[in-house]
2 protein chains.
Amino acid sequence: MERFKDVLKANNLKSTHQRLAILDCIDTYGHIDIDAIYDTVFKKYPSMSKATLYRNINDLISFHILEEVKLPNQKQQYEIRKIPHIHLLCKNCAKVEDFFVETHSLMETITLNSGFTISNSFIVMNGTCKECKV
Amino acid sequence: MERFKDVLKANNLKSTHQRLAILDCIDTYGHIDIDAIYDTVFKKYPSMSKATLYRNINDLISFHILEEVKLPNQKQQYEIRKIPHIHLLCKNCAKVEDFFVETHSLMETITLNSGFTISNSFIVMNGTCKECKV
DNA sequence: TCCTAAATAGGACTTATTCTTATTTAAGTT
DNA sequence: AACTTAAATAAGAATAAGTCCTATTTAGGA
């Protein structure tokens with residue numbers, strides 16, 4: 001929790017209960033959509049309005065504290081910003097797993113052949129996780 | 001246009017004017033969001049309702065004739081389904097470019113190290129296109 | 001403890017999407 | 001070419017998602 005206070009302070013944002021609860025919730029779940037955040041935080045702060053949630057999500061994204069996670073055929077999810085990584089999505093159980101892998105050579109190939117200067121990438125791999133395999 | 005009639009027929013879907021206009025529009029633009037599709041098709045068929053557009057987009061996706069294109073910080077776009085490819089998004093001019101590149105070795109690395117069985121991937125590279133570079 | 005800019009609550013408002021039903025149409029059959 | 005019918009559409013109601021407004025509250029520095 002303290003780490004989020006520091007992050008907020010570093011961005012001149014006040015550490016309100018709502019904000020901390022939102023960050024804590026997203027951190028706990030790893031990847032979560034807006035309704036699930038609302039349900040979770042609402043249990044702790046029943047007075048919190050949806051407007052507050054939406055506003056905070058948007059603010060935290062623009063301060064690069066949160067990041068969108070866009071998965072195929074799913075509602076948008078959110079995660080705490082961390083070291084660049086890709087997402088593995090299990091088609092069976094819908095679990096989302098972070099995975100750290102070097103993508104430089106792929107980016108280089110693309111840069112060389114496309115003329116694009118690539119700064120960052122968003123990669124989702126769709127498949128079946130260990131647990132769901134027979 | 002004939003090719004779309006064939007695709008629809010192969011899926012037992014009727015070739016309505018609206019459907020063909022939607023497919024033609026998406027094909028022309030390459031990547032386009034729902035409002036832009038509406039504006040374009042509406043010019044040709046002012047009687048078309050939004051419900052028809054939404055219904056068709058969803059149906060065409062479930063028949064794998066269309067695919068979602070989810071880009072960072074943007075409204076969802078749609079494209080005609082084609083050979084697997086990745087998307088290059090220019091941060092400057094917002095242009096979306098299709099790019100064909102071999103991703104097997106990356107997928108293999110991930111499979112080996114994660115235990116996931118990967119079936120397909122969604123890759124977006126964010127950067128600056130040729131034309132927007134100085 | 002005081003002060004003030006920032007943040008929240010709550011509801012109004014707007015935009016996005018889906019649902020419902022009467023009407024129309026594509027396309028196969030005669 | 002007319003007939004038939006299941007599929008598709010139009011139009012608007014209904015619902016869901018997201019933003020805006022403003023009076024009140026609060027975090028956090030002095």
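Proteins come first, then strands; the chains are lettered A, B, ... in the order of their sequence lines, and each starts at number 1.
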Looking only at side-chain N and O atoms, does [X] come under 4.0 Å of OP1 or OP2 in [N]?
X	N	answer
Q18(A)	dA9(C)	yes
T16(B)	dT9(D)	yes
R55(A)	dT19(D)	no
Q76(A)	dA17(D)	no

Q. With a 4.0 Å cut-off on heavy atoms, is N58(A) in touch with a base, just the backbone sugar-phosphate, or nothing at all?
A. sugar-phosphate
Q) K9(A) near the nucleic acid: base, sugar-phosphate alone, or nothing, with a heavy-atom cut-off under 4.0 Å? A) sugar-phosphate
Q.
Classify the ring geometry of H17(A) against Y45(A): parallel below 30°, tilted from 30° to 60°, perpendicular beyond 60°.
A.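 Parallel, since the angle between the ring planes stays under 30°.
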[X] side chain, from C-beta outward: closest of [options]:
X	options	result
S15(A)	dA7(C), dG28(D), dG10(C)	dG28(D)
Y54(A)	dT8(C), dC19(C), dT19(D)	dT19(D)
A51(A)	dA7(C), dA10(D), dC20(D)	dC20(D)
I34(A)	dG10(C), dT17(C), dG18(D)	dG18(D)
K14(B)	dT25(C), dA9(C), dC19(C)	dT25(C)
S49(A)	dG18(D), dG10(C), dA16(C)	dG10(C)

Q. Roughly how far, to the nearest 0.5 Å, is the NE2 atom of H104(A) from the OG1 atom of T111(A)?
A. 9.5 Å
Q. Cut-off 3.5 Å, side chains only: do S15(B) and K9(B) have a donor facing an acceptor?
A. no
(Q) Using only atom types and a distance under 3.5 Å, with no angle test, would you say the side chain of D24(B) pairs donor to acceptor with the backbone of L20(B)? (A) no
